[in-house]
Amino acid sequence: MSDHGLHSFETRAIHAGNTADPQTGAVVPPIYQVSTYKQDGVGGLRGGYEYSRSANPTRTALEENLAAIEGGRRGLAFASGLAAEDCLLRTLLRPGDHVVIPNDAYGGTFRLFAKVVERWGVDFSVANTSDPAAVRGSVTDRTKVIWVETPSNPLLGITDIAAVADIARTAGAKLVVDNTFASPYLQQPISLGADVVVHSLTKYMGGHSDVVGGGLIAADAEVGEELAYHQNAMGAVAGPFDAWLVLRGIKTLPVRMDRHSENAARVAEMLTRHPKVVEVLYPGLPEHPGHEIAAKQMRAFGGMVSFRVQGGEQAAVEVCNRAKLFTLGESLGGVESLIEHPGRMTHASVVGSALEVPADLVRLSVGIEAADDLLADLQQALG
């Protein structure tokens, strides 16, 4: 298929990059588990393939799919989400540059900025990206990147992508949006003005807790070429089997996200009525401060729910430990439901920083099991 732009998201998710094998007619792209390729004479490459760090047909299929479903000009697949972020930052930034990052972000992203990129001579400021004025006030004449997560991890904050894109353009900076929590099915940052979209492909894109991967999608072809150069030069690429697993997962992304969102809405509504829950953080709730913006820029509100409990940190830990159907574990976005304590688990690296999360916070990745079973498990876990 060469006219993906003419088709709906659901059709592109299944068909983009998934060309039938020309030799056998196999409808699923093969796993090209190969390191090097026979050349037809010196420099005579077949399809441009010479070495699988530089390009691999299975990874190419995934990268074409990523570009198609995010509406970008170039997609790139990496060994992990952080590998993708590292490549992006080293492509766009130079020593002396400045970045605006969110006050609510994945702990690994903050660690990358605070412990790695800053040592390279790049400064960063922390801003509440839910407030465009706060973002604008954090921009300097050295700002080259504005980085946002929406919904954010783990407090489910919402950033108005179009408003921040205007700020970035005025400042001559690139807007990077981590779209992991939403997935491209629920949200299209490039259509709202983002320059680059970041994904942990480990999460909703893979969808089955069986693969680790990362993705970048560039709105501009030239930026895409620069990223591709650094991807090859740095080498943290997705392996062919990992690429194949993510490509398979994306085919069911729309139906999974519909179910994740439906279940999460029911969970959030139940939690708002539970006497031991102090606060529920879910953008689908009308009382959420970002609800109207989320409703404007998202198809649905996703499968992530966070909540705070009475009794502080120990009570939150006990809720996590008592859950049975919700598996205690890090990560998110799989078909099975997960529960975790961000302060001690995924966000331990931000303790003592401006990104430190409340100690009484519990984060849920709501899966696609029967909603009634999930509600019953949370009710018993809360006691």
Side-chain angles (χ1 to χ4, degrees), residues 81 106-107 149 151-156 180-183 185-186 199-213 245-246 248-250 252-274 276-285 288 298-309 315-347 357 360-383:
Y106 168 51
E149 289 182 15
S152 65
N153 182 6
L155 300 178
L156 284 301
T180 297
F181 267 29
S183 86
Y185 176 65
L186 298 185
H199 279 284
S200 171
L201 301 177
T202 310
K203 311 305 194 298
Y204 287 111
M205 302 284 262
H208 294 79
S209 301
D210 57 8
V211 62
V212 173
L245 284 171
V246 175
R248 182 185 66 166
I250 290 172
T252 60
L253 179 66
V255 292
R256 286 188 288 106
M257 293 309 300
D258 284 341
R259 182 62 172 266
H260 283 300
S261 298
E262 292 167 7
N263 281 358
R266 289 194 60 187
V267 165
E269 195 275 330
M270 182 276 287
L271 290 171
T272 61
R273 294 183 281 103
H274 199 285
K276 293 188 178 179
V277 174
V278 175
E279 182 182 16
V280 181
L281 305 172
Y282 183 65
L285 294 172
H288 187 286
M298 298 177 70
R299 185 194 299 247
F301 301 104
M304 300 301 297
V305 179
S306 292
F307 62 98
R308 302 176 69 179
V309 298
V317 170
E318 290 172 0
V319 169
C320 294
N321 288 335
R322 284 195 296 263
K324 297 177 181 178
L325 186 57
F326 278 82
T327 299
L328 179 61
E330 298 189 1
S331 199
L332 58 104
V335 293
E336 64 288 306
S337 295
L338 300 177
I339 189 170
E340 66 124 358
H341 184 265
R344 294 192 183 182
M345 296 170 68
T346 54
H347 288 69
V357 300
D360 58 1
L361 187 74
V362 175
R363 191 191 76 178
L364 304 175
S365 173
V366 181
I368 65 172
E369 303 96 335
D372 288 342
D373 294 335
L374 298 176
L375 298 178
D377 187 42
L378 287 173
Q379 288 165 343
Q380 70 80 26
L382 283 160

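Residues: numbered from 1 along the sequence shown. These numbers were taken from a predicted model, which means no experiment stands behind them.
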Query raised in the report: Would Phe181 and Glu149 satisfy side chain to side chain contact (heavy atoms under 4.5 Å, CB included), going step by step from the backbone distance to the final call?
Result: CA-CA 8 Å; Phe181 267 29; Glu149 289 182 15; 6.0 Å; no
Query raised in the report: So do the side chains of Glu279 and Asp360 get within less than 4.5 Å of each other, counting heavy atoms only?
Result: no
What side-chain donor-acceptor pairs closer than 3.5 Å can you find for residues 318-333, not counting sequence neighbours?
| from | atom 1 | to | atom 2 | distance (Å) |
| --- | --- | --- | --- | --- |
| Asn321 | ND2 | Val317 | O | 3.4 |
| Arg322 | NE | Ala381 | O | 2.7 |
| Arg322 | NH2 | Ala381 | O | 2.7 |

Query raised in the report: side-chain hydrogen bond (donor to acceptor under 3.5 Å, both in side chains) with Ser337: which residues, sequence neighbours excluded?
Result: Glu369
Query raised in the report: Who pairs with His199 by side-chain hydrogen bond (donor to acceptor under 3.5 Å, both in side chains), at least two apart in sequence or on another chain?
Result: Glu70
Query raised in the report: Could you give the distance from CZ (Arg363) to CE (Met304), rounded to the nearest 0.5 Å?
Result: 4.0 Å
Query raised in the report: Is Arg256 reaching over with its side chain to a backbone N or O of Gly249, donor-acceptor style, under 3.5 angstrom?
Result: yes
Report task. Could you pull out the closest heavy-atom pair between Ser261 and Phe301, with the gap in Å? Result -> OG-N, 4.2 Å
Query - Electrostatic pair Arg273-Glu269, nearest N-O below 4.0 angstrom - result: yes
Query raised in the report: Is Pro154 close to Leu361 at the side-chain level, that is, under 4.5 Å between some pair of heavy atoms?
Result: yes
Report summary line: The single option from Leu245, Val246, Thr202 that satisfies side chain to side chain contact (heavy atoms under 4.5 Å, CB included) with Val212 is Thr202
Requested in this report: For the pair His260 (side chain) and Val366 (backbone), establish whether a donor and an acceptor sit closer than 3.5 Å, ignoring hydrogens and angles.
Outcome: yes
Query raised in the report: Distance from Thr272 atom OG1 to Phe307 atom CZ, nearest 0.5 Å?
Result: 12.0 Å
Report summary line: dist Leu281:CG -> Arg308:CZ (nearest 0.5 Å) comes out at 8.0 Å
Query - Nearest non-hydrogen partners of Gly334 and Ser209, listed with the distance - result: CA-OG, 3.8 Å
Report task. Would you please test His347 and Asn153 for side chain to side chain contact (heavy atoms under 4.5 Å, CB included) and show each step? Result -> CA-CA 9 Å; His347 288 69; Asn153 182 6; 3.2 Å; yes
Requested in this report: Kindly indicate whether the side chain of Val278, heavy atoms from C-beta on, has any atom under 4.5 Å from the side chain of Val309.
Outcome: no
Query raised in the report: With sequence neighbours left out, which residue pairs that include part of residues 374-383 fulfil the salt bridge (charged side-chain N to carboxylate O under 4.0 Å, His left out) condition?
Result: none
Query raised in the report: Do Val211 and Leu201 have side chains that get closer than 4.5 Å, going by heavy atoms?
Result: no
Report summary line: Output for pair (Leu375 CG, Gln380 CD), nearest 0.5 Å, gives 12.5 Å
Report summary line: Asp258 meets the side-chain hydrogen bond (donor to acceptor under 3.5 Å, both in side chains) criterion, sequence neighbours left out, with Tyr185
Query raised in the report: So which of Leu378, Leu338, Asn263 actually passes side chain to side chain contact (heavy atoms under 4.5 Å, CB included) with Leu364?
Result: Leu378
Query raised in the report: Which heavy atom in Pro151 sits nearest to a heavy atom in Leu156, and how many Å separate them?
Result: CB-CD1, 3.7 Å
Query raised in the report: Taking only residues two or more places apart in sequence or in another chain, which ones pass side-chain hydrogen bond (donor to acceptor under 3.5 Å, both in side chains) with Thr180?
Result: Asp178
Query raised in the report: Can you name the closest pair of heavy atoms from Ala316 and His341 and give their distance?
Result: CB-CD2, 3.7 Å
